[in-house]
Each structure stands twice: as C-alpha cells, then as structure tokens.
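For reference, the structure is listed below as structure tokens.
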Amino acid sequence: MKFIVSSGTLLKQLQTVGGVIGNNNSMPILDNFLFELQPGRLTITASDLETTISASLEVESEDEGEIAVPARLLQDGIKALPDQPVTFLTDGENQTLEMSSDYGKYAVAYVDSEEFPKIEELEEPQVTKVPAEILASAITKTIFAAGNDDMRPVMSGVFFQFGTEGLTFVATDAHKLVRYRRSDLNSDATAEFIMPRKPLNILKSSLGNLAEEEVEISYTERNARFEYRNIVLVSRLIDGKYPNYDAVIPKENPNVLEVDRQALLSSVKRVAVFANKTTHQVRFQMAGNELHLYAEDPDFSNKAHERLNCNFSGEDMEIGFNSRFLTEMLSNLECEVVNIEMSAPNRAGILLPIDGLEEGEDVLMLVMPVMLNN
C-alpha cells in the first residue's frame, strides 16, 4: 500500500492519538499505531485497552490496507522532518514501511494488525451533544481536583451528571472539590458516569482549537464515546458509586471574604515559599477590610507575612489552608474578584468567582481547612 501525506499534518494526528499509549503495555501490539488506509483517507488508532482513540486525515492514495507501526519510532522520525510531503510505501517481502522525503529514505518494520484492538461499538447508547469549547472548559476546571489514590478509584476521575435541567461536572480528592455546572445545556435523559483522568487529558489537549464545534458524547453503563471533527475516543468508565458531593458543601457561610483574585494568588505564592513543607499551611487572618496572610516553618525559623486590602463581612476569624490547593484553584478561575465563603475555622471554605462567567455557567470550588498551629 502507498500514500502521500504532509509530515506536519501526520505528526499532529500522531501526537493526538499517541497520548494514550502507555510505557508498560500489557501486550506488545499496544506499542504500535494501527494504520488503516482507504482511498484518500488514513485512519490512525492507538489504545491501552482502557481507552482507544482514532484520528483520520486526508492523504493521496488509491490503495487499501492496514498495518501496525512502532509508535515511538515513527513519531520521532516524523518529528525530525521539516513540514514536507512524505511518501509511504509498504514492502510486503521485508515487512517494512518505507518513508521517502526530500532528505532521503527511511524504513521501519511493521507487524500484522490482526491483534490490534478495534474501537468498541456502543449498544443503544444515550447521546448528548456539548460544544467543544464548553467541554474543554469543564475538564480544565475540574480535572486538577481529581484524586490519585488507588484505594479510592471512583475519586480518580471526573463525575459527569447529565440531566434535563443542566450538565454538571465534579471532581474531588476529599481535600478539595470543584463543581462546574451549565444550566444553558441539557440532556434528553438523566445519566451519571465517571470518566478516568487519562482520556480526559487527551480530550482537553485536542479540544482546545475547536471553537464553535460540537462533541457528540455517547455513553452506556460501561463505556463513553466522544466524537468530534476527525477524532473518535472510546473509554471504559470507572465502575462504582460517586460520593454524595452535595452533602460536603456547607450551605450556611456567614463570613465572606471578597478579594482581588490575582493579588491573592500572588500573595499566597510568595508566603507559601516560607511555609512548612509538609502542611503547606497559609494562615488567613481577617478583620475589617484587611486580610493578613501568614506562613511559617518553625523547624527552620522561616516565616512570612503579607497584608491585602479586601472586603470582609462577618466575625473576625482565622483559618488555615493548604497553599498548594489554593494556588491550583485560584489559577483555574478566570475572574477578577473572588469570594471565599466560610463558616468556621474547621469547616470547608467555598471559592466563588464574582465575575468572568458566561451566561448559564456556574463554578464552585471547595477547599478543606488545615488545622492551625497554636
């Protein structure tokens, strides 16, 4: 089989699907890309058995056929070439794929494609369509809060809740939680499923430049399928019941801190340098219209203190937060002003953006406090 394609176009698709290939695959065939050639079109597939992704692109060809090509070697070889037309030709006798460019010829050994896992077809799935830009935003704003504890796999992904009144995306690791809702979108039926982190990261990176396009999400009890432009991604879902996240969100929070997000983020980053390296604790002390931030590491006599102007309503209080969690949350908000709502030093703080939201968009971030050192 023979085809001609731009090296730049091919590399882009190889990088998109290559993100799913693991370093220690259970089957040697999974170290390869599956190339399926049809007249005028090449489909490239990669899989780790849990997630399978394919991307198709136009090529110059009148042939048909399929082979499995070593992924890393091919990707590195194409990456080393400037953008130019490359001719690919299979040598059935030696079982090699020859690549011809303006610089010379190269060859990689291919293997039979029979063992390569095919993309699973979903039987009678439910279907919801979501604008690519909104899905990318939902993943970006939640995925960082997902856990990585092998003992609690249900918390290692993002919880999708689709209903007739809106779409909700939730992630938590028990220390922090993010709930992203869209009331301007809905699904014909109610559904809930937990998407693993790895395919979501692949989606996030490939959805970034698809403004005004839609992603068709099909899902059953075991699998979810995402289809957009020239890409199809099918992932096995995380099995289990997601915790009742609503129950951990405090409803009565009379103490409200209103502060410039960027100023707070910069201040937290600076004082955190001097914080204890185990707890990463930053102490918030609020009184009137002043916020004082303290951090210290008594073992090394390190300490820091900064003062910020703010609007604070409620009783004067002190509360400790993990600076890493706060930095992640504040970095993933796009507002100019943020509210931090609190009830007591031992209860969770709620971060709510005051501005910067689209119509129908709702973002809530929760961070558990760190016990203050007396």
Side-chain angles (χ1 to χ4, degrees), residues 1-22 25 28-48 51-119 132 199 201-213 215-216 225-234:
M1 62 190 222
K2 177 183 178 181
F3 62 92
I4 302 169
V5 64
S6 157
S7 59
T9 303
L10 178 61
L11 178 62
K12 184 179 177 183
Q13 304 306 331
L14 293 178
Q15 290 173 329
T16 296
V17 303
V20 80
I21 298 176
N25 288 311
I29 192 69
L30 300 178
D31 293 327
N32 296 271
F33 289 123
L34 174 66
F35 275 23
E36 296 173 286
L37 183 65
Q38 298 287 335
R41 182 158 291 270
L42 173 69
T43 301
I44 306 164
T45 304
S47 178
D48 66 356
T51 302
T52 303
I53 180 172
S54 71
S56 57
L57 64 156
E58 293 182 1
V59 297
E60 290 182 39
S61 177
E62 296 179 359
D63 296 345
E64 294 185 7
E66 61 177 61
I67 55 174
V69 189
R72 182 160 294 175
L73 180 60
L74 178 67
Q75 196 165 322
D76 288 347
I78 297 297
K79 191 186 296 183
L81 288 172
D83 192 6
Q84 61 181 274
V86 179
T87 301
F88 290 81
L89 180 65
T90 54
D91 178 347
E93 189 174 334
N94 296 312
Q95 214 158 1
T96 57
L97 177 66
E98 296 179 352
M99 302 180 289
S100 302
S101 74
D102 292 344
Y103 292 91
K105 291 188 175 182
Y106 324 89
V108 296
Y110 67 82
V111 295
D112 200 331
S113 62
E114 282 186 8
E115 293 180 27
F116 202 93
K118 303 296 187 193
I119 282 194
N201 276 320
I202 296 170
L203 282 169
K204 184 175 76 168
S205 60
S206 62
L207 288 171
N209 55 359
L210 295 181
E212 298 181 11
E213 291 201 30
V215 180
E216 184 175 280
R225 175 187 175 104
F226 296 77
E227 193 166 350
Y228 50 101
R229 196 175 281 186
N230 61 326
I231 293 174
V232 175
L233 181 148
V234 176

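Atom set for the values below is all heavy atoms of this structure, side chains included, hydrogens, waters and symmetry mates excluded. Counting from 1, the numbers follow the sequence of the chain as shown. Being a predicted model, the structure only gives us computed values, none of them experimental.
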Residue pair V5, T87: steps toward the side-chain contact (heavy atoms from CB on, under 4.5 Å) verdict: CA-CA 7 Å; V5 64; T87 301; over 6 Å; no

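Side-chain contact between V108 and V69: present, with at least one pair of heavy atoms (C-beta onward) separated by less than 4.5 Å. Inter-residue side-chain proximity for V232 and R225 is flagged as met; some heavy-atom pair is nearer than 4.5 Å. S47 is listed as a side-chain neighbour of P117, based on a closest heavy-atom distance under 4.5 Å. Inter-residue side-chain proximity for F226 and I53 is flagged as unmet; no heavy-atom pair is nearer than 4.5 Å. Using a 4.5 Å heavy-atom threshold, the side chains of I67 and V111 count as separate. Contact check for T45 versus T52: side-chain heavy atoms found under the 4.5 Å cut-off. Looking at heavy atoms from C-beta onward, T51 lies out of side-chain contact with V234 at the 4.5 angstrom threshold. Residues D31 and P70 fail the side-chain proximity criterion, which asks for heavy atoms closer than 4.5 Å.
The salt bridge (charged side-chain N to carboxylate O under 4.0 Å, His left out) pairs that include a residue from residues 75-101 number zero, where partners must be two or more places apart or lie in different chains. Under the side-chain hydrogen bond (donor to acceptor under 3.5 Å, both in side chains) criterion, the residue pairs touching residues 107-117 are E66-S113, with sequence neighbours excluded.
Here the straight-line distance linking atom CG of L233 with atom OG of S54 works out to 8.5 Å at 0.5 Å rounding. To the nearest 0.5 Å, the span separating CD on E36 from OG1 on T43 amounts to 6.0 Å. The OG atom of S6 sits 12.0 Å away from the CD atom of E58 when rounded to the nearest 0.5 Å. Atom OG of S56 is separated from atom CZ of R229 by 11.5 Å, given to the nearest 0.5 angstrom. Atoms CD and OH, from E213 and Y228 in turn, are 10.5 Å apart once rounded to the nearest 0.5 Å. Interatomic distance, CG of L74 versus CG of N32, reported as 10.0 Å (0.5 Å rounding).
Checking side-chain atoms of T90 against main-chain N and O of G92 turns up no donor-acceptor pair under 3.5 Å. With hydrogens and angles disregarded, no donor-acceptor distance shorter than 3.5 Å links the side chain of S7 to the backbone of I78.
Around atom CD of Q95, more than 12 heavy atoms belonging to other residues, nucleotides or ligands sit under 6.0 Å away. Atom CZ of R41 has more than 12 heavy atoms from other residues, nucleotides or ligands within 6.0 Å. No more than 12 heavy-atom neighbours from other residues, nucleotides or ligands sit within 6.0 angstrom of NZ on K12.
Between L89 and the choices K105, K2, M99, the side-chain contact (heavy atoms from CB on, under 4.5 Å) rule is met once, by K2.
For D48, the salt bridge (Lys or Arg N to Asp or Glu O under 4.0 Å) partners at least two apart in sequence or on another chain are K198. With sequence neighbours excluded, the residues forming a side-chain contact (heavy atoms from CB on, under 4.5 Å) with A55 are Q13, V17, N230, I231, listed by chain and number. Taking the side-chain contact (heavy atoms from CB on, under 4.5 Å) definition, one finds that Q38 meets it with E64, sequence neighbours left out. For F3, the ring pair (Phe, Tyr, Trp, His ring centres under 6.0 Å) partners two or more places apart in sequence, or in a different chain, are F88.
Here the closest non-hydrogen pair linking Q84 and D102 is OE1-N, 2.7 Å. Residue T16 comes nearest to I202 through the heavy atom pair O-CG2, 3.9 Å, listed as atom of the first residue, atom of the second, then distance. Across all non-hydrogen atoms, the minimal contact from A46 to F116 is CA-CZ, 3.9 Å. Contact record, I44 with L57: CD1-CD2, 3.7 Å, taken as the closest heavy-atom pair. Residues S101 and L81 come closest through the heavy atom pair OG-CD2, 3.8 Å.
No donor-acceptor contact under 3.5 angstrom links the side chains of Y106 and S100, judged on distance only.
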